[in-house]
Amino acid sequence: MNYWLMKSEPDVFSYDDLVKKGREHWDGVRNYTARNNLRAMKKGDLAFFYHSNTDKAVIGIIEIVKEAYQDPTTNEEQWVCVDVAPKEKLKHPVYLIDIKANPKLAEMKLVKLGRLSVMDITKKEFDEIMRMSRKS
DNA sequence: GCCAACGTTGGC
DNA sequence: GCCAACGTTGGC
């Protein structure tokens, strides 16, 4: 079981949009590091859904329901996508500013590699963000 | 293979 | 809207 964090601009595709759809392709990734992470995902892995730009917060948990396959939005063979489904919306969003302020999360790629859109996180980081989401 | 120029992302 | 960070491209 691996843990991930995936970014989306909520104006383009939000967690609530995913809930409405029930399941969606996570396509359009055109970055090699992010692509490698997509390829490493296993069915059943969990990922945080992060809203960039307007919210800058982790909103919910999603589950990988289909492993990497050719991205249908391009003919270039090197790009892949996965399918995801909503798992659970966090009780409270966990904001980037609070993640940055938490020393336990200082090593997160979210903080260190600001532009990476699909990243791996540790179970400790996953658990810590879950803990933060339970209090307002 | 180096590196400057350029484009994109995303926080502020 | 600006700009820093950084990945990618292309000339040499």
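A note on names: the letters A, B, ... follow the listed sequences, proteins ahead of strands, and every chain is numbered from 1. Hydrogens, waters and symmetry mates are skipped; everything else that's a heavy atom, side chains included, is used.
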[X] has an atom [atom1]; how far is it from atom [atom2] of [N], in whole Å?
X: A:Met119; N: C:dG7; atom1: CE; atom2: P; answer: 12 Å
X: A:Lys112; N: C:dG7; atom1: NZ; atom2: P; answer: 14 Å
X: A:Asp55; N: B:dG11; atom1: CG; atom2: C1'; answer: 13 Å
X: A:Ile97; N: B:dC12; atom1: CD1; atom2: P; answer: 7 Å
X: A:Lys109; N: B:dG10; atom1: NZ; atom2: C1'; answer: 18 Å
X: A:Ile99; N: B:dC12; atom1: CD1; atom2: C1'; answer: 16 Å
X: A:Gln78; N: C:dT8; atom1: CD; atom2: C1'; answer: 13 Å
X: A:Leu113; N: B:dG10; atom1: CG; atom2: P; answer: 12 Å

### Query
Between A:Leu116 and A:Leu105, is there a shared hydrophobic cluster once you connect ILVMFWY residues whose side-chain heavy atoms come closer than 4.5 Å?
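Yes; tracing contacts between hydrophobic side chains, which count when under 4.5 Å, links both residues.
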### Query
Are A:Leu18 and A:Leu5 connected in the hydrophobic side-chain network, where two residues link if heavy atoms are under 4.5 Å apart?
no
### Query
Which of residues 28-35 of chain A sit near DNA chain B, with a heavy atom under 4.0 Å from it?
none
### Query
Within a radius of less than 6.0 Å around CD of A:Gln78, do more than 12 heavy atoms belonging to other residues, nucleotides or ligands occur?
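Counting neighbours around CD of A:Gln78, more than 12 heavy atoms of other residues, nucleotides or ligands fall under 6.0 Å, so yes.
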### Query
Would you call A:Asp127 and A:Lys123 a salt bridge, taking side-chain N to carboxylate O under 4.0 Å as the test?
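Salt bridge: yes.
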### Query
Taking OP1 and OP2 of B:dT9, is either one under 4.0 Å from a side-chain nitrogen or oxygen of A:Lys7?
no
### Query
Will you find, in the side chains of A:Asn36 and A:Thr33, an N or O donor that is under 3.5 Å from an N or O acceptor?
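Per modelled atom types, A:Asn36 and A:Thr33 side chains form no pair under 3.5 Å.
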### Message
For a quick check of understanding: with a heavy-atom distance under 4.0 Å over all strands, which category does A:Tyr50 fall into, base, sugar-phosphate or nothing?
### Response
sugar-phosphate
### Query
Do A:Asp71 and A:Thr73 pass the side-chain hydrogen bond (donor to acceptor under 3.5 Å, both in side chains) test, and can you show the C-alpha distance, the side-chain angles, and the key distance before you say yes or no?
CA-CA 5 Å; A:Asp71 185 337; A:Thr73 64; 2.6 Å; yes
### Query
Applying the side chain to side chain contact (heavy atoms under 4.5 Å, CB included) test to A:Lys87, which of A:Ile62, A:Val65, A:Leu46 qualifies?
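Only match with A:Lys87 under side chain to side chain contact (heavy atoms under 4.5 Å, CB included): A:Leu46.
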### Query
Which heavy-atom pair separates A:Lys89 from A:Tyr15 by the least distance, and what is that distance?
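Smallest heavy-atom distance, with atoms named: N-OH, 3.6 Å.
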### Message
Side chain of A:Arg115, heavy atoms from C-beta onward: which of B:dG11, B:dG10, B:dT8 has the nearest atom to it?
### Response
B:dT8
### Query
Given B:dC12, C:dC6, B:dG10, which nucleotide is nearest the side-chain atoms of A:Lys100?
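That would be B:dC12.
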### Message
Students often mix this up, so state it plainly: with edges at 30° and 60°, are the rings of A:Trp26 and A:Phe49 parallel, tilted or perpendicular?
### Response
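Taking A:Phe49 first and then A:Trp26, their aromatic rings stand perpendicular (interplane angle over 60°).
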### Query
Going by number, which of residues 9-18 of chain A have a non-hydrogen atom under 4.0 Å from DNA chain C?
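Residues of residues 9-18 of chain A that come under 4.0 Å of DNA chain C do not exist, since none gets that close.
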